[in-house]
Student: 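The structure follows.
Because only heavy atoms are used, hydrogens play no part in the values below, and waters and symmetry mates are left out as well, while side chains stay in. Along the sequence shown, the residues carry numbers beginning at 1.
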Amino acid sequence: AERLEGLKEIAELATSKLLRQPEQPIALWNEVLELDEQDLDALDALAGLHKNSRDYASLAGVLRKRVELLDDDAERMKVYQKLGTLCSNQLDEPEMAMDAWRGALSIDADDLKARKSLEKLYIDNRKWVELEELYGERGAWSELVRQLEGQLRGKVDAEVKVGLLLRTASVYQHRMG
């Protein structure tokens, strides 16, 4: 415990003094995590250092660890939103982004930002089954049909168009009766 506290003090000092050279503070905070993998102070410090150095892949890893440790839903929601945005915008990791936005929706199923972000990812990545499930959770079948019809008006190849038409017909037949 004393070693951990001493190491944290050194890491804090290094973080404040070596902002332009984040390698040493990052190494120190990682040592803290080796001693206590649930140390939120270390994860917070690493998140800031990775963000400042634009190491977005490492930042995503830290945020994933952090969200697992948090008990407070409001804090978890913030981290999921940061992670979803980061994975979509800086990392081009749609699967990780989808996981983050689904995590946000598991906390608040009515969160509009999470729902819209997930919807966009599903459409951009042609995840039609997942898109249908997302709308189906709310029984929003007519909205789904409008969304699918909107995709048909876009530039899509013949195979995708046929798939969208079949999915739209299926929704009409089985969900809207």
Student: Does any pair with a residue in residues 32-41 pass side-chain hydrogen bond (donor to acceptor under 3.5 Å, both in side chains), and if so which ones, sequence neighbours excluded?
Tutor: Lys8-Asp39, Lys8-Asp41
Student: Enumerate, atom names and distances included, each donor-acceptor pair closer than 3.5 Å involving a side-chain atom of residues 130-137, sequence neighbours excluded.
Tutor:
{"residue": "Glu132", "atom": "OE1", "partner": "Arg167", "partner atom": "NH1", "Å": "2.7"}
{"residue": "Tyr135", "atom": "OH", "partner": "Glu119", "partner atom": "OE1", "Å": "2.6"}
{"residue": "Tyr135", "atom": "OH", "partner": "Gln147", "partner atom": "NE2", "Å": "3.4"}

Student: Would you call Glu149 and Arg146 a salt bridge, using N to O less than 4.0 angstrom?
Tutor: no
Student: Test of understanding: with side chain to side chain donor-acceptor pair (under 3.5 Å), list the residues that count as partners of Lys51, not counting sequence neighbours.
Tutor: none
Student: What residues form a side-chain contact (heavy atoms from CB on, under 4.5 Å) with Val162, not counting sequence neighbours?
Tutor: Leu166
Student: When rounded to the nearest 0.5 angstrom, what is the spacing between CG in Leu105 and CG in Leu118?
Tutor: 6.0 Å
Student: Pairs in or reaching into residues 95-111: which pass salt bridge (Lys or Arg N to Asp or Glu O under 4.0 Å), with residues at least two apart or in two chains?
Tutor: Glu95-Lys127, Asp99-Arg102
Student: Kindly write out the residues that satisfy side-chain contact (heavy atoms from CB on, under 4.5 Å) with Glu31, not counting sequence neighbours, or none if the list is empty.
Tutor: Arg3, Leu7, Leu28
Student: Side-chain polar contacts of residues 79-94 - donor-acceptor pairs under 3.5 angstrom, sequence neighbours left out - could you list them?
Tutor:
{"residue": "Thr85", "atom": "OG1", "partner": "Gln81", "partner atom": "O", "Å": "2.9"}
{"residue": "Ser88", "atom": "OG", "partner": "Gly84", "partner atom": "O", "Å": "3.0"}

Student: Tell me, please, which residues at least two apart from Asp124 pass salt bridge (Lys or Arg N to Asp or Glu O under 4.0 Å).
Tutor: Lys120
Student: In chain order, what residues pass the salt bridge (Lys or Arg N to Asp or Glu O under 4.0 Å) check against Arg64, with sequence neighbours excluded?
Tutor: none
Student: Can you list everything that forms a salt bridge (Lys or Arg N to Asp or Glu O under 4.0 Å) with Asp73? Sequence neighbours excluded, please.
Tutor: Arg76
Student: Residues in side-chain contact (heavy atoms from CB on, under 4.5 Å) with Ala47, at least two apart?
Tutor: Leu59, Val62
Student: Just jot down the salt bridge (Lys or Arg N to Asp or Glu O under 4.0 Å) partners of Glu143, sequence neighbours excluded, or say none.
Tutor: Arg138
Student: According to a hydrophobic-cluster definition based on side-chain heavy atoms being under 4.5 Å apart (Ile, Leu, Val, Met, Phe, Trp, Tyr only), do Ile26 and Leu63 belong together?
Tutor: yes
